[in-house]
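Every chain is numbered from 1, with letters handed out A, B, ... down the list of sequences.
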Amino acid sequence: MHDIRWIRENPEAFDEGMKRRGMAPQSAELIMLDARRREAQTEAQVLQSERNTLSREIGKAKSQGHDATEIVTRVGEMKARLGVLEEGQRKAEADLTAALETLPNLPSDGVPLGEDEDANVELRQSGEKPCFDFEPKQHFELGEALGEMDFETAAKLSGARFVLLSGLLARLERAIAQFMLNTHTGEFAYTEVSPPVLVRDHALYGTGQLPKFEEDQYCTEEGMWLIPTAEVPLTNIPAGMVIDEDCLPRRYTAHTLCFRSEAGAAGRDTRGMLRQHQFAKVELVSITHPDQSGDEHERMTACAEEILKRLGLHYRVMVLSTGDLGFGARKTYDLEVWLPGQQAYREISSCSNCGDFQARRMNARFRPVGEKGTRYVHTLNGSGLAVGRTLIAILENYQRRDGSILVPEVLRPYMGGGIDVIGPPVP
RNA sequence: GGAGGGAUGGCAGAGUGGUAAUGCAGCGGAUUGCUAAUCCGUCUACCCGAUAGGGUAGCGGGGGUUCGAGUCCCCCUCCCUCCGCCA
């Protein structure tokens with residue numbers, strides 16, 4: 001959500017930001033709605049003030065035993081008009097909010113200008129593509145050959161875009177998540193959280209999925225929503241609160257299932273488990289002082305990168321262009337891991353600085369030391385990492401000629417001991 | 001599913017129809033010769049105003065009654081307790 005006062009004072013900067021997002025100028029319409037709102041408010045307040053004065057006189061007169069019928073009739077006559085004005089004020093406020101709440105965040109300075117992901121800019125790479133003396137397979141070929149990645153049974157149970165892992169692949173998935181959580185909590189000072197994965201409307205509103213992206217979410221009959229990412233519960237932890245400045249930054253991590261309808265993704269990534277309706281992810285969320293969100297964004301990205309480095313996976317860091325930026329983000333780094341079976345880089349983490357955009361929606365503030373009043377916190381979120389996609393990356397990067405998978409060194413302690421290789425498949 | 005009790009400022013907590021007590025925290029100021037005490041003011045959001053200042057709203061949300069609602073009535077949401085069911 002944007003600050004209407006800022007828009008009022010910086011209309012050209014606001015429109016410039018929207019333009020970089022590929023959107024038409026918005027400020028004129030918003031400023032008009034704001035003017036209408038303030039006009040309606042002032043109008044209503046003048047009459048309310050009058051009413052209050054007269055009502056107080058009635059109270060005074062009555063307590064002194066004087067007759068007040070004349071004033072009572074006068075105030076009574078104001079009533080209908082007052083109702084109309086108050087209704088007008090409510091309407092004007094609702095109109096402005098409705099216009100504001102569907103507008104995306106403005107890109108930060110320095111975010112590359114572009115229409116879509118083709119304009120994303122590579123910042124750096126880490127590691128190297130592995131060399132094979134055979135033709136590397138895709139993850140689903142490997143997993144199915146091992147007999148531990150079963151799309152047919154999953155489809156029988158749940159339909160398309162689901163997978164059933166079993167045996168050592170199921171265990172590998174668990175090991176990956178454990179390794180990530182232990183690293184983020186033990187070394188990077190994130191507090192582990194086990195949050196609800198069903199949330200109310202206002203939580204999804206706070207992070208920006210509602211009202212605009214309702215069709216991407218799963219909703220229960222009771223009106224609860226399955227989270228599309230743990231960003232939703234974690235970022236909403238400080239919603240509605242005023243926290244002390246010395247409690248910042250707050251860092252949370254959680255390993256949860258995520259649920260996405262993939263409504264707009266028909267036909268994309270249909271083979272394998274790259275794009276599923278349900279997947280596990282270890283999420284990172286930071287709540288920071290406004291002056292620190294930039295540094296925190298770099299730090300968070302580095303934490304996610306460290307996981308890939310320790311797993312020995314080659315990846316590149318992209319900064320998203322203005323056209324590829326998510327709704328709530330002002331700046332996003334994507335980590336793209338190399339998949340030798342696919343011969344492609346694929347997103348495995350997305351780290352975003354949302355500034356005060358989400359904080360304003362969820363009313364999350366802090367009290368600055370030495371100042372009066374409150375300010376909005378800044379919120380950041382990043383995957384640290386997507387567990388399913390990490391499994392894919394390990395399969396494709398650590399595959400061997402015989403179809404077996406070498407377990408990366410750092411994961412072996414989590415595999416239960418003595419399991420350094422998964423497979424090879426039995427014919 | 002059944003029954004009951006609740007929701008008041010950053011926090012705690014009074015308030016049964018007439019300007020939202022009080023305490024703590026925060027902020028501003030005064031004062032005192034020492035890490036502090038005391039006193040005064042302020043305290044959320046918005047509107048008007050160049051400033052000084054003025055005003056409105058805010059007691060979970062929305063309606064209603066009333067000249068006037070935190071207070072009375074209706075609807076809704078959420079929280080808690082007990083019972084039932086249940087991992």
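- Under a 3.5 Å cut-off, the side chain of Glu396(A) and the backbone N or O of His139(A) do form a donor-acceptor pair.
- Taken residue by residue, residues 75-92 of chain A places heavy atoms nearer than 4.0 Å to RNA chain B at Val75(A), Lys79(A), Arg90(A).
- A distance of about 16 Å separates the C1' atoms of C85(B) and A3(B), rounded to the whole Å.
- No side-chain donor-acceptor contact under 3.5 Å links Gln89(A) to the backbone of Leu85(A).
- By the 4.0 Å N-to-carboxylate-O rule, Arg299(A) lies too far from Asp295(A) to be salt-bridged with it.
- Look at Arg37(A) and you'll find a side-chain N or O under 4.0 angstrom from OP1 or OP2 of C47(B).
- Comparing G10(B) with G4(B), their P atoms are spaced 33 Å from each other, to the whole Å.
- Between the side chains of Asp15(A) and Ser27(A), at least one donor N or O sits under 3.5 Å from an acceptor N or O.
- Atom CZ of Arg21(A) is surrounded by more than 12 heavy atoms from other residues, nucleotides or ligands within 6.0 Å.
- Ring geometry for His2(A) versus Phe14(A): interplanar angle over 60°, hence perpendicular rather than tilted (30 to 60°).
- Regarding contacts with the backbone of A45(B), every side-chain N or O of Asn363(A) stays at 4.0 angstrom or more from both OP1 and OP2.
- Side-chain proximity of Val72(A) to the nucleotides C67(B), U56(B), G10(B) is greatest for C67(B).
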Please enumerate all protein N or O atoms sitting under 3.5 Å from an N or O of nucleotides 51-53 of chain B, with distances to 0.1 Å.
none

Pairwise N/O distances under 3.5 Å, protein to nucleotides 58-61 of chain B:
none

Polar atom pairs between nucleotides 15-23 of chain B and protein, under 3.5 Å, N or O only, would you list them?
unit_1	atom_1	unit_2	atom_2	d
G18(B)	N2	Ser55(A)	O	2.7

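- Atom CG of Asp246(A) sits in a crowded spot, with more than 12 heavy atoms from other residues, nucleotides or ligands closer than 6.0 Å.
- Between Arg90(A) and Glu87(A) there is a salt bridge, since at least one side-chain N of the basic residue sits less than 4.0 Å from a carboxylate O of the acidic one.
- For the pair Arg389(A) (side chain) and Arg275(A) (backbone), a donor-acceptor distance under 3.5 Å is absent.
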Please report, to 0.1 Å, the donor-acceptor pairs under 3.5 Å made by any side chain of residues 142-150 of chain A, with sequence neighbours excluded.
unit_1	atom_1	unit_2	atom_2	d
Glu148(A)	OE1	Leu168(A)	N	3.2
Glu148(A)	OE1	Leu169(A)	N	3.1
Glu148(A)	OE2	Leu168(A)	N	3.2
Asp150(A)	OD1	Glu152(A)	N	3.0
Asp150(A)	OD1	Thr153(A)	N	2.8
Asp150(A)	OD1	Thr153(A)	OG1	3.2
Asp150(A)	OD2	Thr153(A)	OG1	2.4

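- Rounded to whole Å, the separation between the C1' atoms of U77(B) and A25(B) comes to 31 Å.
- When the side-chain nitrogen and oxygen atoms of Arg365(A) are compared with OP1 and OP2 of G26(B), none of them lie within a distance under 4.0 Å.
- At distances below 3.5 Å, at least one donor-acceptor pair connects side-chain atoms of Asn236(A) with backbone N or O atoms of Ala203(A).
- Aromatic ring centres of Phe151(A) and Phe140(A) lie farther apart than the 6.0 Å criterion allows.
- Note: His277(A) and Phe259(A) fail the aromatic proximity criterion, with ring centroids not under 6.0 Å apart.
- Side-chain contact, Gln48(A) with Glu86(A): a donor N or O sits under 3.5 Å from an acceptor N or O.
- In RNA chain B, runs of at least 3 consecutive Watson-Crick or G-U pairs, each pair with both distances below 3.5 Å, span B:1-7 with B:77-83, B:10-12 with B:22-24, B:26-30 with B:38-42, B:44-48 with B:53-57, B:60-64 with B:72-76.
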From CA spacing to verdict: side chain to side chain donor-acceptor pair (under 3.5 Å), Tyr376(A), Asp3(A): CA-CA 11 Å; Tyr376(A) 289 108; Asp3(A) 179 3; over 6 Å; no
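- Within a heavy-atom distance below 4.0 Å of RNA chain B, the residues of residues 41-48 of chain A found are Gln41(A), Thr42(A), Gln45(A), Gln48(A).
- Separation of the C1' atoms belonging to A50(B) and U44(B) is 26 Å when rounded to the nearest angstrom.
- Between Arg200(A) and C78(B) there is a side-chain polar atom (N or O) within less than 4.0 angstrom of OP1 or OP2.
- Nucleotides G60(B) and C79(B) place their P atoms 16 Å apart, quoted to the nearest Å.
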List the atom pairs, donor and acceptor, that lie under 3.5 Å between side-chain atoms in residues 71-80 of chain A and the rest of the protein, sequence neighbours left out.
unit_1	atom_1	unit_2	atom_2	d
Thr73(A)	OG1	Thr69(A)	O	2.8
Thr73(A)	OG1	Glu70(A)	O	2.9

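- When the side-chain nitrogen and oxygen atoms of Arg5(A) are compared with OP1 and OP2 of C46(B), one or more of them lie within a distance under 4.0 Å.
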Polar atom pairs between nucleotides 27-29 of chain B and protein, under 3.5 Å, N or O only, would you list them?
unit_1	atom_1	unit_2	atom_2	d
C27(B)	OP1	Gly370(A)	N	3.4

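- Scored by the side chain to side chain donor-acceptor pair (under 3.5 Å) test, Thr229(A) finds Lys281(A) as partners (sequence neighbours excluded).
- Side-chain contact between Asp334(A) and Val317(A) is absent, with no heavy-atom pair separated by less than 4.5 Å.
- Residues from residues 225-239 of chain A placing a heavy atom under 4.0 Å of any atom in RNA chain B do not occur.
- With hydrogens and angles ignored, the 3.5 Å screen pairs no side-chain donor or acceptor of Ser286(A) with any backbone N or O of Met300(A).
- Using modelled atom types, no side-chain atom of Lys137(A) and backbone atom of Gly341(A) make a donor-acceptor pair closer than 3.5 Å.
- Between Asn52(A) and G55(B), a side-chain N or O to OP1/OP2 separation shorter than 4.0 Å is absent.
- Between the side chains of Tyr252(A) and Arg250(A), at least one donor N or O sits under 3.5 Å from an acceptor N or O.
- Atom name P, nucleotides G17(B) and C72(B): the rounded distance is 8 Å, in whole Å.
- Nucleic acid contact class of Arg38(A) (heavy atoms, under 4.0 Å, all strands): sugar-phosphate only.
- Ion pairing between Glu9(A) and Arg5(A) fails under the 4.0 Å rule for side-chain N and carboxylate O.
- No side-chain donor-acceptor contact under 3.5 Å links His184(A) and Thr253(A).
- Legend: side chain to side chain donor-acceptor pair (under 3.5 Å) pairs involving residues 189-202 of chain A, not counting sequence neighbours, sorted by first then second residue: Asp201(A)-Trp225(A).
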